[in-house]
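Have a look at the structure below, then the notes.
Below, all heavy atoms of this structure are taken into account, side chains as well, without hydrogens, waters or symmetry copies. Being a predicted model, the structure only gives us computed values, none of them experimental.
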Amino acid sequence: SFKEKFSGLKDELENETFTTTSNDGTVKITMSKLATVKDIVLAEGMDKEQIEDMLVMTLNKALEQVKTEAIDRAKKTAQENLPNIPGMPF
């Protein structure tokens with residue numbers, strides 16, 4: 001059923017992970033494609049302010065990737081499981 005397909009998609013996204021690295025390479029964040037943070041790695045010798053700035057930037061970068069991936073996968077699941085309805089955006 002359609003509901004089962006989306007439930008399966010949710011499980012898939014929770015089990016798939018990716019790592020985002022800050023532009024300067026000092027912060028690495030691994031999270032699921034449903035935005036559960038799995039791991040954070042910080043470079044040695046960073047001060048508190050630098051850590052805070054890099055965490056915010058890198059988390060936002062990762063969350064943007066989560067949103068894009070989830071929207072794309074949901075559209076694909078809908079296209080595969082819904083009849084062709086004129087005027088629908090997918």
Practice prompt. Run the numbers on Ile29 and Leu59 for side-chain contact (heavy atoms from CB on, under 4.5 Å), then give the verdict.
Written response: CA-CA 7 Å; Ile29 298 173; Leu59 274 168; 3.5 Å; yes
Discussion item. Evaluate Ile40 against Lys28 for side-chain contact (heavy atoms from CB on, under 4.5 Å), listing each step before the verdict.
Written reply: CA-CA 6 Å; Ile40 296 176; Lys28 289 183 183 177; over 6 Å; no
Fill in: Step-by-step side-chain contact (heavy atoms from CB on, under 4.5 Å) determination, Met31 to Thr17
CA-CA 5 Å; Met31 65 173 40; Thr17 61; over 6 Å; no
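Scored by the side-chain hydrogen bond (donor to acceptor under 3.5 Å, both in side chains) test, Thr19 finds Thr30 as partners (sequence neighbours excluded). In terms of the side-chain hydrogen bond (donor to acceptor under 3.5 Å, both in side chains) criterion, residue partners of Asp24 (sequence neighbours excluded) are, by chain and number, Ser22, Thr26. A search for side chain to side chain contact (heavy atoms under 4.5 Å, CB included) contacts involving Thr36 returns Glu14, Ser32, Lys38, not counting sequence neighbours. Considering only residues two or more places apart in sequence or on other chains, Ala70 meets the side chain to side chain contact (heavy atoms under 4.5 Å, CB included) condition with Leu13. Partners of Asn23 by side chain to side chain contact (heavy atoms under 4.5 Å, CB included), not counting sequence neighbours, listed by chain and number: Lys61.
Shown here for Leu63 and Ala35, the closest heavy-atom pair between the two residues is CD2-CB, 3.8 Å.
Pairs of residues two or more places apart, or lying in two chains, that qualify as salt bridge (charged side-chain N to carboxylate O under 4.0 Å, His left out) and include a residue from residues 62-73 are Glu12-Arg73, Glu16-Arg73, Lys33-Glu69, Glu64-Lys67, Glu69-Arg73.
Hydrophobic cluster of Val41: no remaining members, since no ILVMFWY side chain lies below 4.5 Å from it.
Note: the hydrophobic cluster containing Leu9 does not contain Val66 (ILVMFWY, side chain heavy atoms under 4.5 Å, direct or indirect links). Under the 4.5 Å side-chain heavy-atom criterion for Ile, Leu, Val, Met, Phe, Trp and Tyr, Leu42 and Val56 are members of distinct hydrophobic clusters.
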Under 3.5 Å, which donor-acceptor pairs do the side chains of residues 48-55 form with other protein atoms, sequence neighbours left out?
residue : atom : partner : partner atom : Å
Lys48   : NZ   : Glu52   : OE2          : 2.3

